[in-house]
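Below, chain A is the first sequence line, B the second, and so on; all start at residue 1.
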2 protein chains.
Amino acid sequence: MLSRDLAAVFGALADPTRLAVVERLAQGPASVSDLAMPFDMAGPSFLKHLKVLEDAGLVRSAKKGRVRTVTLDPAALAWVEDWVARHRRQWQGRLDALGTFLEQEANR
Amino acid sequence: MLSRDLAAVFGALADPTRLAVVERLAQGPASVSDLAMPFDMAGPSFLKHLKVLEDAGLVRSAKKGRVRTVTLDPAALAWVEDWVARHRRQWQGRLDALGTFLEQEANR
DNA sequence: AGATAACATAGCCATATAGCTATGTATCGT
DNA sequence: ACGATACATAGCTATATGGCTATGTTATCT
């Protein structure tokens, strides 16, 4: 279904570097070099990670002068949270129904 | 930090096949062949996907006779939901703070 | 104007991933 | 006992991913 794009979002989060970048961005926007600083990684390698995050819709960016500022886009995170919450609830519902069933069985 | 394992969970969900399997399992446990049926894929290929899900802790399984039954493990999903919710909230807090700031500026 | 800074692009390389076929093993049905 | 069923394992292949260096482009600084 829509699982194709959702899979891309999960894929973007499936890497320690990108996960750390998202965590950092949750505290506010930052430039590319600020974001790259904590990582012992060549520039181009890091830029690829940013591209993955942006392609997945987790991040937006705009360039002013020679510095590009990156911002978290909450839409993708909201989507992930919603999907996970829905399936957790559904599973929880199953468990509750099973509990009721076992209870009924016990009272016969 | 703990990001390493969380990345593995995201990685397990970063594939349409595995995502669909999780969706199916949210409705209740199923055997390997039941799970595999919707997919036009060779048996061993599908088994690899199940192994990825199980290694990531998203799924548990037990074999009885010749059939292995697979069950969703809610712990990993809970973890994902918690992480996403935390960072969304943090980001939302930033936005709210910015709103307050702009409002104060407007009133001077 | 020239040097430096901040990305951006191109292209290479090693490993990981996702698929396959062929074959093996342990149950189950008759 | 024997064939069929339900996984499991081994090993191959093609493409994707994540890293690098080298080089280019566009602002900013002095």
Side-chain angles (χ1 to χ4, degrees), chain A residues 3-25 28-73 76, chain B residues 3-25 28-73 76:
Chain A
S3 307
R4 195 157 209 78
D5 295 314
L6 186 58
V9 174
F10 281 125
L13 295 170
D15 176 277
T17 299
R18 294 193 295 261
L19 214 44
V21 167
V22 170
E23 287 179 354
R24 173 102 190 260
L25 285 175
S31 73
V32 171
S33 10
D34 282 353
L35 290 172
M37 200 173 315
F39 304 100
D40 185 17
M41 187 180 297
S45 312
F46 187 76
L47 280 181
K48 276 194 189 176
H49 285 301
L50 286 184
K51 188 173 188 327
V52 171
L53 287 172
E54 194 154 9
D55 286 350
L58 279 159
V59 138
R60 294 187 172 285
S61 76
K63 196 167 185 176
K64 185 156 199 175
R66 56 185 170 170
V67 43
R68 173 173 299 274
T69 299
V70 185
T71 290
L72 199 60
D73 184 340
Chain B
S3 306
R4 194 151 209 84
D5 296 314
L6 185 58
V9 174
F10 281 127
L13 294 170
D15 175 279
T17 300
R18 295 192 295 259
L19 214 43
V21 167
V22 170
E23 287 179 355
R24 173 103 190 260
L25 285 176
S31 73
V32 170
S33 9
D34 283 353
L35 290 172
M37 201 175 313
F39 304 100
D40 185 18
M41 188 180 296
S45 313
F46 187 76
L47 279 182
K48 277 194 188 177
H49 285 300
L50 286 184
K51 188 172 187 328
V52 171
L53 286 172
E54 194 154 10
D55 287 349
L58 279 159
V59 138
R60 294 188 172 282
S61 76
K63 195 166 186 175
K64 184 155 199 175
R66 53 183 172 172
V67 43
R68 176 174 296 274
T69 299
V70 185
T71 290
L72 200 59
D73 184 341

*Would you kindly compare Pro44(A) and Thr69(B) by the position of their nearest DNA chain D nucleotide and give the one closer to the 5′ end?*
Thr69(B)
*What is the distance from CZ of Phe10(B) to C1' of dT17(D), rounded to the nearest Å?*
19 Å
_By nearest atom, which of the nucleotides dA18(C), dT21(C), dA6(D) is closest to the Val67(B) side chain?_
dA6(D)
*What pairs meet the salt bridge (Lys or Arg N to Asp or Glu O under 4.0 Å) rule with one or both residues in residues 35-53 of chain B, with sequence neighbours excluded?*
Lys51(B)-Asp55(B)
*When you measure from the side chain of Ala42(B), which nucleotide among dA22(D), dG19(D), dC20(C) comes out closest?*
dC20(C)
_Once side chain to side chain contact (heavy atoms under 4.5 Å, CB included) is applied, do any residues pair with Ala14(A), and if so which ones, sequence neighbours excluded?_
Phe10(B)
*Met41(B): side chain to side chain contact (heavy atoms under 4.5 Å, CB included) partners, not counting sequence neighbours*: Thr17(B), Phe39(B), Ser45(B), Phe46(B), His49(B)
*Got a sec? Which of residues 45-62 of chain A come in under 4.0 Å of DNA chain D, heavy atoms?*
Ser45(A), Lys48(A), His49(A)
_Rounding to an integer number of Å, can you tell me how far Arg68(B) CZ sits from dC28(C) P?_
14 Å
*Using the test salt bridge (charged side-chain N to carboxylate O under 4.0 Å, His left out), find all partners of Arg60(A) that sit at least two apart in sequence or belong to another chain.*
Asp73(A)
*Distance, rounded to the nearest Å, where Asp34(A) contributes CG and dA6(C) contributes C1'*: 11 Å
Pairwise N/O distances under 3.5 Å, protein to nucleotides 1-4 of chain C:
none

_Please enumerate all residues that pass side chain to side chain contact (heavy atoms under 4.5 Å, CB included) together with Val22(A), with sequence neighbours excluded._
Leu13(A), Leu53(A), Leu72(A), Trp83(B)
_Note, Val70(A) side chain near Leu25(A) side chain (heavy atom, < 4.5 Å)_ = yes
*Shortest non-hydrogen contact from Ala76(B) to Gly57(B)?*
CB-O, 3.6 Å
*With Pro29(B), which residues qualify under side chain to side chain contact (heavy atoms under 4.5 Å, CB included), at least two apart?*
Trp91(A), Arg94(A), Thr69(B), Thr71(B)
*Would you mind reading off the distance between Asp40(A) atom CG and dG18(D) atom P, rounded to a whole angstrom?*
17 Å
*Quickly work out the Lys64(A) NZ to dA27(D) P distance and round it to whole Å.*
13 Å
*Calculate the interatomic distance between Asp15(A) atom CG and dT17(D) atom C1'; express it in whole Å.*
10 Å
*Nearest-nucleotide comparison on DNA chain D, the residue closer to the 5′ end among Val32(B) and Gly43(A)*: Val32(B)
*Using whole Å, report how far CG of Leu35(A) lies from P of dA8(C).*
12 Å
*asked:* Could you work out, with side chain to side chain donor-acceptor pair (under 3.5 Å) as the rule, every residue matching Ser61(B), not counting sequence neighbours?
replied: Glu54(B), Arg68(B)
*Rounded to whole angstrom units, what separation is found between the CZ atom of Phe39(A) and the P atom of dG18(D)?*
14 Å
